[in-house]
Number of protein chains: 2
Amino acid sequence: MLKISKKADYALMALQHIASVQFGDITPGRVVNTKEIAEEYNIPLELLAKVLQILSKNGMIESHNGPKGGYLLARSARQITIAQILGSIEGPLGLTDCSHEKEGEFCMQREHCNIRTPLLKIQDSIYQLLNNMTLEDMMGGTPLITIQSSTAQGVER
Amino acid sequence: MLKISKKADYALMALQHIASVQFGDITPGRVVNTKEIAEEYNIPLELLAKVLQILSKNGMIESHNGPKGGYLLARSARQITIAQILGSIEGPLGLTDCSHEKEGEFCMQREHCNIRTPLLKIQDSIYQLLNNMTLEDMMGGTPLITIQSSTAQGVER
DNA sequence: CTTTATCCGACCATATTGATCGGAGATCAT
DNA sequence: ATGATCTCCGATCAATATGGTCGGATAAAG
């Protein structure tokens, strides 16, 4: 239950990769193209391209066209939250359909619905969780280049 | 994003209803049949029946067959968590496919996956959230029978 | 024993997701 | 300046999952 889509999955991987290249110690500021990411993580190229398009459209990354082009983080990794990323791909968080009911839509159960309030509460808690975790926070998990002392704390394996 | 299925939605409504009848002030201990719930909340009868079957199979409710039969909570409302209910209908919580990888399954991205650890962390937080909230906690939201004084507090409308 | 209401399995339609294809626009090299 | 290449971008197709439906089997009440 509560699975996230593959697209969202790919989006997270891609952003993590872009961030780690951009702010890494080896080639800081380098742009990353779609093909590089697709091959690194075995993601279907065209699908990943589409995902990156969406992220670009939603202001998560900047696109640079033409040869030697690619993508760049639009903001710092600290300012991009998981909620924003997932929201860009899958739309706003909503456990139920009635979470963000548009005008003219009706919920058949609404009249006597007995679970709306508590579900909205849960939803809000999840949102806070996702919105408090940033892309930067995700980079500690599986360090590509950062060297950690043997007494490092706060990171579980 | 992170929508729960209609089935799960119906399950929550049904259980809330059963609990409120069973422990309510009017007809305590009464059994509730599928039709009653379906009509009350405008849920397709056959689909709801299926949902209740699953809940019964998973030990959430007891089924009493034959005329005047129906369903009864298998445990007290305080011992049934939201996580259990959702899990019964939609399977175990798992943001990604690799959350509960079975033997012989492979994740193409696994080799260089950079988001597994942080996602599992988020997943665990969500699980605790869902597992700490019980069916009983859900019953305060929209009281059906309880009479409230005009100075009632702690309940939002 | 008949009736009634539930349980239970298999089945179909639709919506969402995963994945793919071909073209448009921009940059670099000549 | 012009062509070639590489990227972005929009529309399209297939697979899967979900929502919803239908029939019979089973067990209890009258």
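In what follows, every chain begins at residue 1, and chains take the letters A, B, ... in the order their sequences are listed.
- The distance between atom CG of Asn65(B) and atom P of dT6(C), rounded to the nearest whole Å, is 9 Å.
- Candidate nucleotides dT7(D), dA5(C), dT6(C) were compared by shortest atom distance to the side chain of Pro67(B), and dA5(C) ranks first.
- Atom CG in Leu48(B) sits roughly 10 Å away from atom P in dC7(C) (whole-Å rounding).
- Here the closest non-hydrogen pair linking Ser99(A) and Gln123(A) is OG-OE1, 2.9 Å.
- Distance check: Leu73(A) CG to Leu15(A) CG gives 6.5 Å after rounding to the nearest 0.5 Å.
- What separates CG of Leu55(A) from P of dC8(D) is a distance of 12 Å, to the nearest Å.
- In this structure, Ile89(A) and Ser5(A) approach most closely via the heavy-atom pair CG2-OG, 4.4 Å.
- We find that CG of Asn42(A) is positioned 12 Å from P of dA19(C), with the value rounded to whole Å.
- Atom CG of Leu2(B) and atom P of dT17(C) are 11 Å apart (whole Å).
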Worksheet item: Going 5' to 3' along nucleotides 10-21 of chain D, which nucleotides have protein heavy atoms under 4.0 Å from the base (write B), which only from the sugar-phosphate (write S), and which from neither (write -)?
Response: BBB------SBB
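- At a threshold of 4.0 angstrom between heavy atoms, the contacts of Thr34(A) are confined to the sugar-phosphate backbone, with no base atom among them.
- Using modelled atom types, no side-chain atom of Ser56(A) and backbone atom of Leu52(A) make a donor-acceptor pair closer than 3.5 Å.
- Side-chain N or O atoms of Asp137(A) include one that pairs as donor or acceptor with a backbone N or O of Thr134(A) at under 3.5 Å.
- An OP1 or OP2 oxygen of dC8(D) is reached within less than 4.0 angstrom by no side-chain nitrogen or oxygen of Ser63(A).
- Remark: the backbone N or O of Cys98(B) is not paired with any side-chain donor or acceptor of Arg110(B) at under 3.5 angstrom.
- Not a single side chain to side chain donor-acceptor pair (under 3.5 Å) links Gln109(A) to another residue, sequence neighbours left out.
- Regarding Ile61(A), its CD1 atom lies at a distance of 13 Å from the C1' atom of dT7(D), rounded to whole Å.
- In this entry the distance linking CD of Glu90(A) with P of dT17(C) reads 7 Å, nearest Å.
- The separation between Tyr71(B) atom OH and dA28(D) atom P is 14 Å, rounded to whole Å.
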